[in-house]
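Note sheet for the following structure.
Values below: all heavy atoms of this structure, side chains included; hydrogens, waters and symmetry mates excluded.
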Amino acid sequence: MAPHAVATLAKAALPSVPGVSLLPGVRKEPSSGHLLLVRRRTGVVVDADHAARYAAVCGFPRKDAVPLPYPHLLGFDLQLALMSEPGFPAPALGLVHVDNVIRSHTAVLPGQVVDIEVRVGEPRPHPRGRIFDFETVVSHEGGDVVWEETSSYLHRGSGDEAAPRGLDLAEVPPSGAVWRLDAGLGRRYAAVAGDWNPIHVHPLTAKAFGFPRAIAHGMWTMARCVATFENRLPAATTVEASFRKPVLLPGSVAFGSRPRGDGGLDFSLSRPAAPGADPTWHLLGRAFPTPD
């Protein structure tokens with residue numbers, strides 16, 4: 001992880017620290033009703049070695065293009081930078097990643113030069129608080145958009161019971177492999193992705209945030225599912241995922257999928273259950289060709 005990314009993560013976490021959160025430059029300001037924060041980075045070379053390390057930890061086969069979810073990593077530290085700004089009205093460690101939508105328009109290749117923009121606007125209501133949608137756009141240097149993402153984060157608080165709860169996705173029974181996940185998975189993914197949120201890397205730091213032990217990154221669970229079917233879909237593919245119950249590490253998860261009428265598939269990740277028992281859903285998702 002680059003030193004600047006470590007510093008960004010630490011700065012984003014400061015508003016969650018009692019006392020420190022009240023200091024000038026750290027204190028979060030209430031939303032003015034006109035929130036729009038933007039960060040850009042130009043001339044980014046897609047690193048082949050980094051993409052290969054990501055593919056390995058997420059279970060993707062070797063191929064010419066980077067894995068479909070990989071560009072998320074190119075904009076992740078920009079997301080953290082926006083969360084760390086005093087003008088962003090919520091602490092980073094108080095946000096829960098609930099939904100994620102990726103819209104790929106063409107393959108992204110190692111060695112390509114791309115521009116990246118991440119923006120976040122006013123939150124929208126949710127039954128359990130409010131949702132911040134972080135929009136990431138990856139484009140050819142000065143050219144066409146090749147990949148887009150919406151990462152939706154919940155800030156818990158007073159909510160609106162009439163508001164939408166998020167993506168409406170099918171519950172697909174387990175039908176495939178059961179994956180056994182070891183205790184070090186969160187640290188291995190963090191070393192590649194730069195997401196060193198303490199809930200993912202060690203049982204002691206996870207317990208400080210109310211978890212019995214470390215939990216897997218939601219974006220790893222999404223990527224691991226995508227790795228099972230990516231080669232069966234075109235480069236221009238949309239993937240939607242809703243993160244439900246966290247995956248405790250170590251632990252086991254069961255994958256399920258079924259075809260859709262649009263050439264895609266619905267998929268799921270759940271806790272292995274006895275025959276006839278109701279599944280505990282960790283992730284629900286769907287994938288389909290990106291509309292023109």
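- Between the CZ atom of Arg119 and the CD atom of Glu117 there is a distance of 4.5 Å, given to the nearest 0.5 Å.
- Side chains of Met222 and His97 form no contact here, defined as non-hydrogen atoms less than 4.5 Å apart.
- Residue Val98 shares its hydrophobic cluster (ILVMFWY side chains chained together at separations under 4.5 Å) with Val96, Ile131, Leu154.
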Q: For Val45 and Gln112, run side-chain contact (heavy atoms from CB on, under 4.5 Å): C-alpha distance rounded to whole Å, both residues' side-chain angles, the deciding distance at 0.1 Å, then the answer.
A: CA-CA 6 Å; Val45 179; Gln112 283 186 326; over 6 Å; no
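- The aromatic rings of Phe132 and His155 sit tilted relative to each other, their planes meeting at an angle between 30° and 60°.
- In this structure, the separation between SG on Cys58 and CE on Met219 is 9.0 Å, given to the nearest 0.5 Å.
- Atoms SG and CG, from Cys225 and Leu269 in turn, are 4.5 Å apart once rounded to the nearest 0.5 Å.
- Two residues are said to be in side-chain contact when any heavy atoms from C-beta on lie closer than 4.5 Å; Trp147 and Glu149 meet this criterion.
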Q: Show your reasoning for whether side-chain contact (heavy atoms from CB on, under 4.5 Å) applies to Ile102 and Thr238.
A: CA-CA 5 Å; Ile102 289 172; Thr238 294; over 6 Å; no
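- Here the OG1 atom belonging to Thr237 is positioned 4.5 Å from the CG atom belonging to Leu233, to the nearest 0.5 angstrom.
- Counting heavy atoms of neighbouring residues, nucleotides and ligands inside a 6.0 Å radius, atom CG of Asp64 does not exceed 12 of them.
- Note: Thr205 OG1 to Trp196 CH2 = 10.5 Å, rounded to the nearest 0.5 Å.
- Taking 4.0 Å as the cut-off between side-chain N and carboxylate O, Asp182 and Arg188 count as a salt-bridged pair.
- Between His217 and the choices Phe76, Tyr54, Tyr189, the ring pair (Phe, Tyr, Trp, His ring centres under 6.0 Å) rule is met once, by Tyr189.
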Q | Audit row: Ser268, Glu171, side-chain contact (heavy atoms from CB on, under 4.5 Å) steps and yes/no | A | CA-CA 7 Å; Ser268 70; Glu171 296 178 348; over 6 Å; no
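- Judged by distance alone, the side chains of Asp133 and Thr150 never bring a donor and an acceptor atom under 3.5 Å apart.
- Side chains of Pro246 and Phe211 form a contact here, defined as non-hydrogen atoms less than 4.5 Å apart.
- A donor and an acceptor atom, one from each side chain of Asp115 and Thr42, are nowhere located under 3.5 Å apart.
- Under the 4.5 Å side-chain criterion, counting only non-hydrogen atoms from C-beta, Asn231 is in contact with Pro61.
- Taking the side chain as every heavy atom from C-beta outward, Arg41 and Leu78 approach each other to under 4.5 Å.
- Considering only residues two or more places apart in sequence or on other chains, Arg258 meets the side chain to side chain contact (heavy atoms under 4.5 Å, CB included) condition with Ala170, Val172, Pro173, Asp266.
- The ring pair (Phe, Tyr, Trp, His ring centres under 6.0 Å) contacts involving residues 257-292 comprise Phe229-Phe267, where partners must be two or more places apart or lie in separate chains.
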